[in-house]
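To start, the structure itself, in structure tokens.
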Amino acid sequence: MATRFSTGLRNNMLSSNSYPENLVTGITYSFGDGTGADGADQILDSGSGFITDGFEVGDYVSVAGSTSNNFSGLKISAVTAGALDVPAGSFTTEIAGDQVVLGSATGGGSLDELLRNGIVEIYTGSQPATADAGETGTLLLRATISSGAFVAGVATNGLNIATAASGVSSKEAAEVWSGVGLANGTAGWFRFHSNAYTLGLSTTAVRMDGVCGITSGEMQMSSLSVAIGATITVDTGTFTFNASA
């Protein structure tokens, strides 16, 4: 078995573009080298306006007007009112004072953008022949951030995929993916739905499927044995794109 991508997901990845979302300017922005969680670099705002301005995890941020830190396309891994976390090694420490312009955009047709703030459902049995097919088996678990409630069309508690490396995408390391058992059974396969969450037979739904396992499979879990009311965590999720077809 392998990761299977729906027609809707593949069509969007082949055809989508990146669209600007936010554009702000001011003299309250500074830069921290390695000041974020796990050594992430940070863009800091003494005016604490990032959330109000609409910056979100998964956006790609660009900077212009800085004395030493002008760049584009850095993925935001964490957002607070006063800080945006971006990959370590992106820039150097710089105090506020320059008239800086910050812009952000979605990733367009990238896998991590299309499945941003999504949800994983885990079923018994074998994965369907295609990711366009309807769900099969018994629904055992819905995985979200720390088992939180999920509502289609709302970002809260949705799951995210990290920036790809070596042709492989994986779960966002900082997120805890877990869910509470809805039925008793053995996990066999999963479906990762986009935030729109479309069930059933569809050639337009954005989603992908794969195999569940303990030390193998695209989605590795703390246990394949799911019991009603028990919390199960997803330890790793890896989604590989072949170098040739």
Side-chain angles (χ1 to χ4, degrees), residues 12-13 15-119 144-146 148 150-165 169-176 194-197 206:
N12 275 275
M13 291 180 70
S15 302
S16 294
N17 296 308
S18 180
Y19 298 98
E21 288 186 331
N22 303 296
L23 188 65
V24 296
T25 185
I27 59 172
T28 60
Y29 304 116
S30 59
F31 301 86
D33 182 2
T35 55
D38 298 322
D41 285 358
Q42 290 184 308
I43 306 170
L44 306 166
D45 179 16
S46 61
S48 299
F50 287 134
I51 292 177
T52 302
D53 290 332
F55 290 88
E56 296 181 354
V57 171
D59 283 354
Y60 291 82
V61 63
S62 301
V63 171
S66 164
T67 299
S68 55
N69 292 304
N70 296 293
F71 53 82
S72 62
L74 293 179
K75 187 178 180 181
I76 300 172
S77 60
V79 178
T80 64
L84 303 176
D85 284 17
V86 296
S90 298
F91 44 69
T92 60
T93 297
E94 182 181 327
I95 63 173
D98 290 335
Q99 186 73 32
V100 170
V101 178
L102 299 180
S104 73
T106 67
S110 64
L111 182 72
D112 58 332
E113 176 57 32
L114 291 167
L115 293 175
R116 181 176 175 183
N117 299 317
I119 184 172
T144 58
I145 299 293
S146 301
F150 174 87
V151 177
V154 178
T156 305
N157 297 319
L159 307 177
N160 293 284
I161 296 173
T163 301
S169 290
S170 57
K171 71 178 285 290
E172 188 67 64
E175 296 181 350
V176 176
S194 71
N195 188 254
Y197 186 62
V206 174

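Note that the coordinates shown come from a computational prediction; the quantities given were computed from them, not determined experimentally. The analysis underlying the following values was restricted to heavy atoms, covering all of them including side chains, and did not include hydrogens, waters or symmetry mates.
Rounded to the nearest 0.5 Å, atoms CG (Leu111) and CZ (Arg116) are 13.5 Å apart. How far CG of Leu159 is from CD of Glu175: 6.0 Å, rounded to the nearest 0.5 Å. To the nearest 0.5 Å, atom CG of residue Asn160 and atom CD1 of residue Ile145 are 6.5 Å apart. The CD1 atom of Ile161 sits 9.5 Å away from atom CD of Glu172, with the distance rounded to the nearest 0.5 Å. The structure places CG of Asp59 at 9.0 Å from CG of Leu84, a figure rounded to the nearest 0.5 Å.
For Asn69, the side-chain contact (heavy atoms from CB on, under 4.5 Å) criterion is met by Phe31, Ser66, Phe71, Phe91, Thr92, Glu94, not counting sequence neighbours. Remark: Ser146 engages Val176 in a side-chain contact (heavy atoms from CB on, under 4.5 Å) (not counting sequence neighbours). Residues passing the side chain to side chain donor-acceptor pair (under 3.5 Å) test with Thr80, sequence neighbours excluded: none. Phe50 pairs by the ring-ring contact (aromatic ring centres under 6.0 Å, His included) definition with Tyr29, Phe55, not counting sequence neighbours. Remark: Leu44 engages Ser30, Gln42, Ala83 in a side-chain contact (heavy atoms from CB on, under 4.5 Å) (not counting sequence neighbours). Residues that satisfy the side-chain contact (heavy atoms from CB on, under 4.5 Å) test with Ser62, not counting sequence neighbours, are Ser72. For Asp98, the side chain to side chain donor-acceptor pair (under 3.5 Å) criterion is met by Thr67, not counting sequence neighbours.
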message: What verdict does the side chain to side chain contact (heavy atoms under 4.5 Å, CB included) test give for Leu115 and Val206, after you've listed the backbone C-alpha separation in whole Å, the side-chain angles of each residue and the deciding distance to 0.1 Å?
response: CA-CA 7 Å; Leu115 293 175; Val206 174; 4.0 Å; yes

field: Residues Phe150, Asn117; criterion side chain to side chain contact (heavy atoms under 4.5 Å, CB included); working and verdict
entry: CA-CA 9 Å; Phe150 174 87; Asn117 299 317; 5.8 Å; no

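Listed by first and then second residue, the salt bridge (charged side-chain N to carboxylate O under 4.0 Å, His left out) pairs that reach into residues 70-80 are Lys75-Asp112, sequence neighbours excluded. Pairs engaging residues 24-33 under the salt bridge (charged side-chain N to carboxylate O under 4.0 Å, His left out) rule: none recorded [sequence neighbours left out]. Pairs of residues two or more places apart, or lying in two chains, never qualify as salt bridge (charged side-chain N to carboxylate O under 4.0 Å, His left out) while including a residue from residues 38-47.
Within the 4.5 Å cutoff, the side chain of Glu56 has no heavy atoms near those of the Ile76 side chain.
Looking at Thr52, its side chain never comes within 3.5 Å of a backbone N or O of Gly49 through a donor-acceptor pair.
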